[in-house]
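Notes follow the structure.
It should be emphasised that the depicted structure is a prediction, and the values quoted were computed from it without experimental measurement.
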Amino acid sequence: MNLSALIKAAFFLTSTLAWSPTDSYAPGPIACPANNASLLRNADGISSSEASWVGERHKNTDDALVRFLVNANMTDFDANNFVHNTLNRSINIAVAFSGGGYRAMLNGAGQLSALDNRTTGAAENGLGGLIDATTYLTGLSGGNWMVGTLAMNNWTSVQDILDNGTIWDLEHSMFAPGGINIFKTASYWKEISDDLSDKRDAGFNVSLTDAWGRALSHQFFLNYPNMGAALTWSTLRDADVFSNHSMPFPIVVTDGRTPGSTIIGSNSTVFEVSPFELGSWDPSLHSFVDVKYLGSVLDNGRPVNSSACIGGFDNAGFIMGTSSTLFNQFILQLNTTGITGGLYDLIHDFLSDVSKDSNDIAVYRPNPFYKSSSAGEESIVQADTLYLVDGGEDLQNVPLYPLLQPERDVDIILAFDNSADTNESWPNGASLVATYERQFSAQGNGTTFPYVPGQDTFLALNLTSKPTFFGCDSKNLTTLNADGVIPPLVVYMANRPFSYHSNTSTYKMSYSEDEKRGVINNGFEVATRNNLTLDAEWAACLGCAIIRRGQERQNISQSAQCQKCFSEYCWDGSLVAADTDVSLLVNFTSTGLTSGAENATGTSNTTNAAGSVKFGGSSMWQTVIYVLATLAVISFA
Ligand SMILES: *[C@@H]1O[C@H](CO)[C@@H](O)[C@H](O)[C@H]1NC(C)=O
Ligand SMILES: *[C@@H]1O[C@H](CO)[C@@H](O)[C@H](O)[C@H]1NC(C)=O
Ligand SMILES: *[C@@H]1O[C@H](CO)[C@@H](O)[C@H](O)[C@H]1NC(C)=O
Ligand SMILES: *[C@@H]1O[C@H](CO)[C@@H](O)[C@H](O)[C@H]1NC(C)=O
Ligand SMILES: *[C@@H]1O[C@H](CO)[C@@H](O)[C@H](O)[C@H]1NC(C)=O
Ligand SMILES: *[C@@H]1O[C@H](CO)[C@@H](O)[C@H](O)[C@H]1NC(C)=O
Ligand SMILES: *[C@@H]1O[C@H](CO)[C@@H](O)[C@H](O)[C@H]1NC(C)=O
Ligand SMILES: *[C@@H]1O[C@H](CO)[C@@H](O)[C@H](O)[C@H]1NC(C)=O
Ligand SMILES: *[C@@H]1O[C@H](CO)[C@@H](O)[C@H](O)[C@H]1NC(C)=O
Ligand SMILES: *[C@@H]1O[C@H](CO)[C@@H](O)[C@H](O)[C@H]1NC(C)=O
Ligand SMILES: *[C@@H]1O[C@H](CO)[C@@H](O)[C@H](O)[C@H]1NC(C)=O
Ligand SMILES: *[C@@H]1O[C@H](CO)[C@@H](O)[C@H](O)[C@H]1NC(C)=O
């Protein structure tokens, strides 16, 4: 047995079938499902695989939730009785991590580590173990780099990653991982280039996202042979940590977009990728396909040739790259860099060679939804190619849509927002506003989301400075939607500085060890209210939010403690005066609040969108150009 087979056998006891059959980045033939069964289904509910998985997961989350609620020191509340006797179903907790490059990955890592009892200090700070009570875990772009890294590495912990120091080595940019060692960098790009050739030679289109996904894999999957070249997203089904339900159900969010078009929240098709399926609930598609068979030629879900199915297309790095294609924006800006002459031509030719389509698009060809009979939008299902882009391109930078599907019965979402909305790269609630508005569009399709204010109010009322609960009272939410679908309660927690200025640029590509740990530590403090120093009862208050929908369903009134918590953390529906100058609210006080509020007057100017592109400075550019030149040299050598 070779090394690669040994490692696979150790990690995946059940089966190795989900790895790419070619043992390389190239997809290859696998057996079609028995009786040529359809690989596609109408999005009329959660899949039977997910339903049975979640049912088993609840056997773990129920007990973990009781432990969490007991440790949170809630008063006048019998956690064990409530969870095991009072409720008629398990509470579904979901945790969502926004995009925003490495800033989002690292802040998200700190925030998640606060919920993870494997983190040193997490139990003392009140939230340790909450992730064990969580059912769903969503990630988008940089947030998904964090989720995907943990999920695909045997649900390792952030603590483990920091202690071992191999994964997430960000000292050098992924564009030039060799640092000053140009040969190391060149051989790195040669490997990536070879992987792309493998896929192309096997008859598949490659786009820039393939190169991007392979580069990301060198930072996330270095415990695997050839940096996870053959590691697929669907492999997770067979991993013990997933199949024994000891981690939450991970979902990646990405958007559909045809080249040359633009999308906003109300007309985007939001895609999700779970270990089982890729697809969308939105009426424009309303279908899901088995993710393991991506690359197979299908017609309304049936393999066109029942003896020619394909596996290995759903490469884990490729899926993670798909959710984060905004990074390709760097390269789209090539002609604004001032490069001219032969160097420009070389780079340009290489890029054209990699992708004839827009560069910020991941190419899924053949289109797995070809002629899907469930889809409302002909342009998606008549095309031979499916195009997916960064999940934040429709401004919904926090991946909430999968969690708003009524079929999932989510009770509470912890929404971690590490977006760069303001000029200083802090969040301002823009993502929640986009998600709120979307429910009223045709694509909303019966989903609901609590009322939220505009971005100015988020800043001026300190809603980004400390955790804020939205949708506290379901009685106030019945008019959102004709069917009276009650949305989850949303606990919004935005990036802000405690021990570290964690508002690094989305396009910052390298972090020293100190910077990396500084951002992660700050994320921990964001989630724990600065290690409970700002509110000793924070864990109990979060507990009050977690049990709220269950109490409402059973007509149970809140304890005095929970009423106090809700008056502290719930948005009360008030709005800031229209002439408030939120541009003054650029600093934070040591207690976490937005400073300058008392002096704020004038007109508002915060309109930056969650997904807006900002560039990080010239040194980044030099690196990009250097690498593109390297690539060009390799490909022409
Ligand atoms: C995966 O993690 C579990 C729990 O931490 C551990 O028992 C197991 O040995 C790990 N598997 C591998 C292959 O590292
Ligand atoms: C909060 O706790 C974490 C984890 O123990 C620790 O790393 C961090 O330094 C603490 N921060 C403060 C401000 O005490
Ligand atoms: C709960 O109370 C105990 C005893 O007073 C205390 O040690 C612990 O830190 C408290 N836990 C939280 C999360 O506040
Ligand atoms: C977290 O770990 C502490 C200390 O080991 C333990 O007391 C607590 O019950 C754990 N919390 C959860 C929610 O499992
Ligand atoms: C980190 O190192 C420890 C001890 O060597 C090992 O048990 C663990 O599996 C490693 N974790 C990762 C993610 O490499
Ligand atoms: C989505 O809406 C935006 C803004 O109205 C518009 O520019 C764009 O063309 C629309 N895209 C699609 C795919 O309909
Ligand atoms: C860059 O190129 C794109 C397409 O090739 C073009 O639309 C755009 O105007 C160019 N920008 C500049 C600054 O030349
Ligand atoms: C959602 O969209 C599907 C497909 O268009 C439709 O059949 C269904 O009735 C819609 N659901 C709601 C609640 O509008
Ligand atoms: C927000 O925080 C600032 C700084 O502490 C404070 O002056 C202001 O009153 C707060 N705003 C609200 C609405 O609480
Ligand atoms: C919810 O409704 C109650 C009265 O029904 C009202 O007092 C309260 O302010 C409302 N809360 C919000 C957030 O709108
Ligand atoms: C924010 O803080 C910086 C540095 O402390 C200071 O120069 C600036 O005036 C502050 N801005 C506002 C609006 O208070
Ligand atoms: C608000 O203005 C007063 C008077 O000019 C000044 O003393 C105070 O520092 C200002 N506060 C902030 C947060 O900028």
Side-chain angles (χ1 to χ4, degrees), residues 60-80 82-83 91 93 95 97 106-134 137 146 150 155-165 168 246-248 412 414-416 418 465-469 491-500 502 513-514 516-547 559 561-562 564-565 568-569 588 590-592:
N60 295 334
T61 59
D62 284 352
D63 292 333
L65 181 57
V66 171
R67 284 198 302 278
F68 171 80
L69 295 171
V70 167
N71 291 339
N73 294 341
M74 296 174 71
T75 55
D76 295 326
F77 179 69
D78 180 346
N80 189 51
F82 182 77
V83 169
I91 293 183
I93 301 177
V95 185
F97 290 96
L106 297 174
N107 276 290
Q111 291 149 354
L112 185 129
S113 76
L115 316 179
D116 187 343
N117 236 357
R118 296 173 296 178
T119 310
T120 312
E124 293 85 325
N125 288 300
L127 308 187
L130 184 51
I131 203 69
D132 297 327
T134 298
L137 176 61
M146 186 276 291
L150 300 188
W155 190 237
T156 185
S157 63
V158 172
Q159 186 74 55
D160 229 18
I161 288 178
L162 289 178
D163 292 349
N164 285 19
W168 295 351
S246 51
M247 62 176 283
I412 178 165
L414 272 55
F416 287 104
N418 300 307
S465 316
K466 69 200 240 307
T468 305
F469 301 173
V491 173
Y492 178 69
M493 286 183 261
N495 183 23
R496 51 91 51 231
F498 287 105
S499 61
Y500 196 84
S502 47
E513 198 58 24
D514 283 352
K516 180 171 86 181
R517 285 171 190 266
V519 176
I520 290 178
N521 237 350
N522 195 73
F524 185 101
E525 288 152 6
V526 164
T528 57
R529 301 239 56 207
N530 204 22
N531 297 3
L532 303 184
T533 58
L534 296 171
D535 181 358
E537 283 182 73
W538 168 233
C541 287
L542 197 48
C544 293
I546 289 169
I547 62 172
S559 66
Q561 182 188 44
C562 286
K564 181 165 156 275
C565 286
E568 166 83 13
Y569 290 106
F588 291 92
S590 58
T591 55

Kindly say whether [Y] contributes a backbone atom to a donor-acceptor pair with the side chain of [X] at under 3.5 angstrom?
| X | Y | answer |
| --- | --- | --- |
| Asn125 | Gly121 | yes |
| Asn521 | Tyr500 | no |
| Asn531 | Thr533 | no |
| Trp168 | Leu162 | no |
| Thr528 | Val526 | no |

Seminar exercise, completed: Taken in chain and number order and not counting sequence neighbours, the residues that satisfy side chain to side chain contact (heavy atoms under 4.5 Å, CB included) with Ala133 are Ala64, Leu65, Ile93, Leu130
For this session: Apply side-chain contact (heavy atoms from CB on, under 4.5 Å) to the pair Leu112 and Leu137, showing each step before the final yes or no.
Result: CA-CA 10 Å; Leu112 185 129; Leu137 176 61; 4.1 Å; yes
For the student: nearest non-hydrogen atoms of [X] and [Y], plus distance:
| X | Y | value |
| --- | --- | --- |
| Ala540 | Gln561 | CB-NE2, 3.5 Å |
| Ala539 | Leu532 | N-CD2, 4.4 Å |
| Val70 | Ala79 | CG2-CB, 4.0 Å |
| Pro497 | Phe588 | CD-CD1, 3.3 Å |
| Val491 | Ile412 | CG2-CD1, 3.8 Å |
| Ile547 | Met74 | CD1-CE, 3.7 Å |

Exercise. Which residue pairs satisfy the salt bridge (Lys or Arg N to Asp or Glu O under 4.0 Å) criterion with at least one member in residues 63-80, sequence neighbours excluded?
Worked result: none
Exercise. Applying salt bridge (Lys or Arg N to Asp or Glu O under 4.0 Å), which residue pairs with at least one partner in residues 517-534 are found, sequence neighbours left out?
Worked result: Glu513-Arg517
About how many Å separate [atom2] of [Y] and [atom1] of [X], when rounded to the nearest 0.5 Å?
| X | Y | atom1 | atom2 | value |
| --- | --- | --- | --- | --- |
| Gln159 | Asn164 | CD | CG | 10.0 Å |
| Leu150 | Ile161 | CG | CD1 | 5.0 Å |
| Asn530 | Asn522 | CG | CG | 8.5 Å |
| Ser113 | Asp160 | OG | CG | 12.5 Å |
| Asn71 | Leu69 | CG | CG | 9.0 Å |
| Met493 | Leu414 | CE | CG | 4.0 Å |

Heavy-atom side-chain contact between [X] and [Y] under 4.5 Å:
| X | Y | value |
| --- | --- | --- |
| Cys544 | Lys564 | no |
| Leu127 | Phe68 | yes |
| Val158 | Phe524 | no |
| Ser157 | Thr119 | no |

For this session: Could you give me the CA-CA distance, side-chain angles and deciding distance for Cys565 and Cys541, then say whether disulfide bond (SG atoms under 2.5 Å apart) is met?
Result: CA-CA 5 Å; Cys565 286; Cys541 287; 2.0 Å; yes
Exercise. Could you walk me through whether Asn107 and Gln111 pass the side-chain hydrogen bond (donor to acceptor under 3.5 Å, both in side chains) check?
Worked result: CA-CA 6 Å; Asn107 276 290; Gln111 291 149 354; 4.7 Å; no
For this session: Report the relative orientation of the aromatic rings in Phe469 and Trp538; use parallel for angles under 30°, tilted for 30 to 60°, perpendicular for over 60°.
Result: tilted
